[in-house]
Q: 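After the structure tokens below, expect a handful of questions from me.
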Amino acid sequence: MVQDVQTAPAQKDSTFRSVFAHPYACFRCRKSFKRASRTAAVLACPNCGGPSIGLTRKFKPPKQSDRKQWDKVEALVRHGFLFWSVGEAYPGTLQEVAAFASRHAAFVARERARYPEAYREIEQALAGSLERGTG
């Protein structure tokens with residue numbers, strides 16, 4: 001019997017069990033690591049122990065030293081984007097994130113409605129990062 005597993009929003013529902021790994025991004029240490037699909041929306045970073053957010057396989061992490069790009073990625077995640085295809089390229093700079101988020105607000109709202117628990121977990125992890133001054 002197949003167990004009902006909570007699917008992270010970055011890893012869309014499917015009856016097909018993917019063997020692919022999905023990236024998780026840690027904004028505290030600016031690193032990404034991969035884990036098998038069908039895992040939690042937030043996992044502990046193997047490097048620093050902080051929260052790492054599950055993203056789609058389309059996510060390509062910036063270099064660890066590229067603080068501006070990591071800040072942009074974090075802003076996108078805070079707006080609810082987990083790097084799905086949305087019909088246009090993702091913004092190149094932090095300054096473009098708000099307009100991008102506005103254009104795709106309805107899409108993100110649908111995703112949040114589909115995966116409320118996972119988004120709550122993501123938001124709590126990100127809020128905890130801010131409280132510790134690491135976000």
Q: Would you check if K34 and F20 make a side-chain contact, meaning some heavy-atom pair closer than 4.5 Å?
A: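 A side-chain contact under 4.5 Å is absent here.
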
Q: Could you tell me whether R35 sits above the aromatic face of Y24, with NZ or CZ closer than 6.0 angstrom to the six-membered ring centre and within 45 degrees of the axis?
A: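 Pair R35/Y24 does not count as cation-pi.
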
Q: Keeping S85 on the side-chain end and G87 on the backbone end, is there a donor-acceptor pair under 3.5 Å?
A: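 Such a contact is absent between S85 side chain and G87 backbone.
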
Q: Do P51 and C26 touch side chain to side chain, with heavy atoms closer than 4.5 Å?
A: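 They are not in side-chain contact.
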
Q: Within the structure provided, determine whether V77 and F27 are in side-chain contact (heavy-atom separation under 4.5 Å).
A: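 Of all side-chain heavy-atom pairs linking F27 with V77, at least one is under 4.5 Å.
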
Q: Without swapping roles, check the side chain of Q69 against the backbone of G92 for a donor-acceptor pair under 3.5 Å.
A: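 Such a contact is found between Q69 side chain and G92 backbone.
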
Q: Tell me whether E117 is salt-bridged to R120, with the criterion being a basic N under 4.0 Å from an acidic carboxylate O.
A: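 Here E117 pairs with R120 in a salt bridge, since their nearest N and O are under 4.0 Å apart.
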
Q: What residue pairs, at least two apart or across chains, pass salt bridge (charged side-chain N to carboxylate O under 4.0 Å, His left out) with a residue in residues 80-94?
A: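 Listed once each, the pairs are E88-R103.
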
Q: Of the non-hydrogen atoms in G80 and V108, which two are nearest, and what is the gap between them?
A: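 Closest pair (atom of G80, atom of V108, distance): CA-CG1, 3.9 Å.
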
Q: Donor-acceptor check, side chain of W70 to backbone of K63, threshold 3.5 angstrom: yes or no?
A: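 Flag set: sc W70 to bb K63 pair under 3.5 Å.
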
Q: Where is the tightest heavy-atom contact between A44 and S52, given as atom of each residue plus distance?
A: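 Looking at all heavy atoms of both residues, the shortest contact is C-OG, 4.3 Å.
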
Q: Would you indicate whether the side-chain heavy atoms of Y115 and L82 approach each other to under 4.5 Å?
A: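 No, their side chains stay 4.5 Å or more apart.
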
Q: Heavy atoms, side chains only, cut-off 4.5 Å: are C29 and C45 in contact?
A: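 Yes - at least one pair of side-chain heavy atoms lies under 4.5 Å apart.
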
Q: Hey, are the side chains of V42 and L126 touching, using non-hydrogen atoms and a 4.5 Å cut-off?
A: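 In short, these two side chains do not touch, never coming nearer than 4.5 Å.
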
Q: Supply the atom-to-atom distance T93 OG1 to K72 NZ, rounded to the nearest 0.5 angstrom.
A: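 NZ of K72 is found 7.5 Å from OG1 of T93.
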
Q: Below 4.5 Å, heavy atoms only, C-beta onward: do R67 and R30 meet side chain to side chain?
A: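 Heavy-atom side-chain distance check passes, below 4.5 Å.
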
Q: Could I get the full list of side chain to side chain donor-acceptor pair (under 3.5 Å) partners for D66, not counting sequence neighbours?
A: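 Not a single residue meets the side chain to side chain donor-acceptor pair (under 3.5 Å) criterion with D66.
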
Q: Any salt bridge linking R112 with E123? Criterion: basic side-chain nitrogen under 4.0 Å from a carboxylate oxygen.
A: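 Salt bridge between R112 and E123, a charged N being under 4.0 Å from a carboxylate O: yes.
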
Q: What is the minimum heavy-atom distance between R78 and A127, and which atoms define it?
A: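 Closest approach of R78 to A127, heavy atoms only: NH1-N, 4.5 Å.
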
Q: Please name all residues satisfying side chain to side chain contact (heavy atoms under 4.5 Å, CB included) with P91, sequence neighbours left out, ordered by chain then number.
A: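 L76, E96, V97, F100.
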
Q: Atom NZ in K31, atom CD in Q64: separation rounded to 0.5 Å?
A: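 Those atoms lie 5.0 Å apart.
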
Q: Can you spot which of F33, Y90, W84, F83 makes a ring-ring contact (aromatic ring centres under 6.0 Å, His included) with F59?
A: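 Single ring-ring contact (aromatic ring centres under 6.0 Å, His included) partner of F59 among F33, Y90, W84, F83: F83.
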
